[in-house]
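Structure record follows, encoded as C-alpha cells.
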Amino acid sequence: MKRILSNTRSIALVGASNRPERASYQVMEYLLQQGYLVYPVNPQLAGAVILGQTCVAELDELDQPVQLINVFRRGEFAADVAIEAIEHEARSLWLQEGVQSTAAAESAAEAELDYVENLCIKKVHQQLLG
C-alpha cells in the first residue's frame, strides 16, 4: 500500500460529497492537502465545485487519466466501477472502509490493477506516510 500511495499523484474519488461531515469529503480534503490531484465523481453533483475541483458524473468525463480510483460506493456498485477503472487505464482500485466486492477484486486481478478493499485511504496514508 505504501508503494501505491507513494507512486500515485492523481486520484478519482467516486462517490464524492460536498458535505463536510461526510467521510468522502474529509478524505478528499486530506488527499488534496497531501498534494494529490483529486477529481470528484458523483452523478448527483456533476458540475458542482467540491474543494475547488469540479465534480463530474462519471470517470469517462475526466479530461485526464488518473492513476488511482478511490471508491465511496456500496459494494454492489464496486464491480461496475472496477470495469470503468480498467477502461480508464487506472493503475489502482481502492475500495474504502466498509466496501468489499468479490467481483471488483476479480476484475482488478484480471486486469493486473493494484487492489485494496475495506480500508480507508486517509487512515492508511496517515499510518504509512503521515
Side-chain angles (χ1 to χ4, degrees):
M1 288 183 284
K2 186 175 185 177
R3 178 186 53 77
I4 294 169
L5 294 170
S6 296
N7 293 329
T8 295
R9 294 284 30 112
S10 58
I11 299 171
L13 197 141
V14 177
S17 176
N18 59 356
R19 296 173 31 205
E21 67 274 13
R22 300 293 301 261
S24 60
Y25 182 97
Q26 294 164 16
V27 167
M28 181 175 168
E29 183 175 48
Y30 174 82
L31 292 171
L32 287 166
Q33 290 169 352
Q34 300 309 307
Y36 293 98
L37 300 170
V38 185
Y39 305 100
V41 180
N42 185 328
Q44 284 82 32
L45 297 174
V49 176
I50 303 172
L51 295 165
Q53 305 299 316
T54 302
C55 188
V56 296
E58 55 189 46
L59 291 173
D60 286 346
E61 295 179 24
L62 292 172
D63 294 335
Q64 59 285 319
V66 291
Q67 297 165 311
L68 185 146
I69 311 296
N70 185 215
V71 183
F72 278 89
R73 301 280 322 270
R74 292 191 314 266
E76 61 263 29
F77 299 109
D80 290 338
V81 176
I83 292 167
E84 290 178 43
I86 294 162
E87 291 171 353
H88 201 70
E89 298 181 3
R91 292 193 316 225
S92 306
L93 181 63
W94 191 302
L95 307 188
Q96 274 300 124
E97 197 170 69
V99 183
Q100 296 175 298
S101 170
T102 302
E106 290 170 355
S107 293
E110 190 174 301
E112 299 180 356
L113 291 183
D114 290 323
Y115 181 78
V116 178
E117 71 175 14
N118 196 26
L119 288 173
C120 176
I121 195 170
K122 176 182 172 183
K123 290 177 185 176
V124 171
H125 187 279
Q126 289 171 328
Q127 291 169 352
L128 298 178
L129 300 172

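Residues: numbered from 1 along the sequence shown.
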Say you draw a straight line from [atom1] of [X] to [atom2] of [Y]; how long is it, rounded to the nearest 0.5 Å?
X      : Y      : atom1 : atom2 : answer
Phe72  : Cys120 : CZ    : SG    : 6.0 Å
Leu13  : Asn70  : CG    : CG    : 4.5 Å
Leu113 : Ser92  : CG    : OG    : 7.0 Å
Gln26  : Lys122 : CD    : NZ    : 5.5 Å
Leu68  : Leu31  : CG    : CG    : 9.0 Å
Arg91  : Thr8   : CZ    : OG1   : 5.5 Å

### Message
Checking Gln127 now: which residues fulfil side-chain contact (heavy atoms from CB on, under 4.5 Å) with it, not counting sequence neighbours?
### Response
none

Hey, any chance [X] and [Y] share a hydrophobic cluster, counting ILVMFWY side chains that come within less than 4.5 Å of each other, even indirectly?
X     : Y      : answer
Leu95 : Leu128 : no
Val27 : Leu119 : yes
Leu93 : Val124 : no
Met28 : Leu59  : no
Ile4  : Ile69  : no

Which salt bridge (Lys or Arg N to Asp or Glu O under 4.0 Å) pairs, counting each pair once, include a residue from [range], with sequence neighbours left out?
range            : answer
residues 94-103  : Glu97-Lys123
residues 9-34    : Arg19-Glu21
residues 102-116 : Arg3-Asp114
residues 69-79   : Arg74-Glu76

### Summary
Across all chains, not counting sequence neighbours, the side-chain hydrogen bond (donor to acceptor under 3.5 Å, both in side chains) partners of Tyr25 are none

Determine all donor-acceptor pairs shorter than 3.5 Å in which one atom belongs to a side chain in residues 35-58; sequence neighbours excluded.
residue : atom : partner : partner atom : Å
Tyr36   : OH   : Leu5    : O            : 2.8
Asn42   : OD1  : Gln44   : N            : 2.9
Asn42   : ND2  : Ala16   : O            : 2.7

Are the side chain of [X] and the backbone of [Y] linked by a donor-acceptor contact shorter than 3.5 Å?
X     : Y      : answer
Gln67 : Ser10  : yes
Ser17 : Ser24  : no
Gln96 : Ile121 : yes

Return all side-chain donor-acceptor pairs below 3.5 angstrom for residues 78-90, not counting sequence neighbours, or 'none' if the list is empty.
residue : atom : partner : partner atom : Å
His88   : NE2  : Gln64   : O            : 3.4

### Task
With sequence neighbours left out, write down each residue that passes ring-ring contact (aromatic ring centres under 6.0 Å, His included) with Tyr115, or none if nothing qualifies.
none

